[in-house]
Structure formats: C-alpha cells, structure tokens
Amino acid sequence: MSTSPVVPVQAAHVPVRPTEPHRRIRALHTERTVTVYQAYAPALGVPAARDGRFPAAWKRERMTWIKPSFLWMMYRCGWGAKADQETVLAVEIDRDGFDWALRHACLSHHDPDEHPDRAAWQRQLKGSPARVQWDPERDLRLQPLPYRSLQLGLAGEASRRYADEWTVAIRDVTPLAHEVHALVRSGDLAAAAALLPEERPYPAPEGTPGVGRVS
C-alpha cells in the first residue's frame, strides 16, 4: 500500500520573507506618515493616547527610541507585560520628520564601513540628534530572524520635534498586543499573523547610516 509523502512543517517565522536583505526599514506607512511604536507606564501612555500628543511629563530632553517594527516592540516590552511598559502606543508621525531624523543620524556603534576610525564616529555621534541601530527582526514567538530592522534613537532637537511637531496621532494598541499574544500562546499563528500591522519596505532617504546595505 502506498503512502503519501510527509510534508515538513514550516517554522513559525511569520511573515516569511526568504529574500529579505540583511538590513531594511519596514513600517506601516502612507504617503504622508509612518507609524512607530513605543511603550510606557499607563500614567504617561494613557493620556498620550487620549489627547493624541505627548504630555508635559514626557521628558523632551532625554533620548527616546522609536521602533517601526511591531514585533520588535513586542519583544522589547514583553507584549506589554514589562514594568513601566504596560501601555503600547502606535505613534503616527510625519514622514518628512522621520526622514530628517534618518538623514541626521549616526550609527549607535562604530562601523569601519561608515567611519574611517573610532574617533571620527565619536565626533559624529556627539553632534548627531539621532542614532540608528539595526537589531534582529522577530517572529511571532519573538525569536530572532536572520535579518535586521530599524531602531531610531532621538535626542535633543530630534526628540523635541518628534513630540511637538512630527506627531500626527497616537493610538493605544495594548489590546492588539494582548490579542496577538493570546493567539500565539494558543498556537493559532495564522490568526495572530493576520492581525499584525501591514509593514512594507520603507524607502530609506539618502544619508541614512548604512544606506548601502538598506533596500
């Protein structure tokens, strides 16, 4: 009696992107805006989402890190379960501001392909209002994938402009984070993937650190 061939079960790296470049900006974006994610304690996150802007208590003099990848944010905040990260925000910002930050950014670490020596990198880092960091993208189980996504650190002028000029809307997506997490825990990865924001390749502006390896 013949038997059907065994079909291997595909790993749960959703969504599957077999031809992804090593570094790429992926984001939910429109012609005018790009969505990034942050997580805060409810005392700050709830009023920010309610009013659609960051409150006065949001420290504009400190560096803040924004993440276009929803799943990387879930990895960072533990699906909104980590202390002081219980409120997950989707912050829709002006693309012109986002691109300005990328063009004025420096890599967060020394890269010989970008800087002739460490001293040159340190000089650029000191004078830069933004920092680019490339971290492994995550799958639905928050395991690292073999390609990287953007984290963008904003300080000084960039931080102030982000909070007071670039922000178009702020939404509380904590319920979405919890819903996706519940589906992952139940093993329904297809349903979880269907709820993820539609993150598409974002065109990195000229001057983005590492742009030669971004596509």
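Placement of V184 and L142 within a single hydrophobic cluster is found when ILVMFWY residues are connected by side-chain heavy-atom separations under 4.5 Å, directly or transitively.
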Q: For side chain to side chain contact (heavy atoms under 4.5 Å, CB included), just list the numbers for T208 and L150, CA-CA rounded to whole Å, side-chain angles, deciding distance to a tenth of an Å, and then say yes or no.
A: CA-CA 11 Å; T208 301; L150 175 77; 5.9 Å; no
Q: Applying side chain to side chain contact (heavy atoms under 4.5 Å, CB included), run through E137 and S69 and close with a yes or a no.
A: CA-CA 8 Å; E137 179 60 287; S69 166; 2.8 Å; yes
**Q.** Criterion side chain to side chain contact (heavy atoms under 4.5 Å, CB included) on L196 and L140, from CA distance to verdict
**A.** CA-CA 10 Å; L196 295 177; L140 277 166; 4.1 Å; yes
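With sequence neighbours excluded, no residue forms a side chain to side chain donor-acceptor pair (under 3.5 Å) with T87. The salt bridge (Lys or Arg N to Asp or Glu O under 4.0 Å) test applied to D188 returns no partner, not counting sequence neighbours. Not counting sequence neighbours, the partners of W100 by the ring pair (Phe, Tyr, Trp, His ring centres under 6.0 Å) test are H104, W166. For R148, the side chain to side chain donor-acceptor pair (under 3.5 Å) criterion is met by no residue, not counting sequence neighbours. Remark: E86 engages A41, P42 in a side chain to side chain contact (heavy atoms under 4.5 Å, CB included) (not counting sequence neighbours). Residues meeting the ring pair (Phe, Tyr, Trp, His ring centres under 6.0 Å) test with F54, sequence neighbours left out: W58, Y162. For T33, the side chain to side chain contact (heavy atoms under 4.5 Å, CB included) partners at least two apart in sequence or on another chain are T30, E92, V168.
Residues E20 and Y147 share a closest heavy-atom pair of CB-CD2, 3.5 Å. Scanning both residues, A48 and L89, for their nearest heavy atoms gives CB-CD1, 4.1 Å. The two atoms that bring L28 and P197 nearest to each other are CD2-CB, 4.4 Å, heavy atoms only. Nearest heavy-atom pair across Y37 and A90 is CE2-CB, 3.6 Å. Here the closest non-hydrogen pair linking A101 and L152 is CB-CD2, 3.9 Å.
Between R141 and L189 the shortest side-chain heavy-atom distance falls below 4.5 Å.
For residues 170-179, the side chain to side chain donor-acceptor pair (under 3.5 Å) pairs, not counting sequence neighbours, are D172-T174. Residue pairs satisfying the salt bridge (Lys or Arg N to Asp or Glu O under 4.0 Å) criterion with at least one member in residues 95-105, sequence neighbours excluded, are absent. Screening residues 57-78 for salt bridge (Lys or Arg N to Asp or Glu O under 4.0 Å) gives R60-D164 as the qualifying pairs, with residues at least two apart or on separate chains.
Shown here is Y75, whose OH atom has no more than 12 heavy atoms of other residues, nucleotides or ligands within 6.0 Å.
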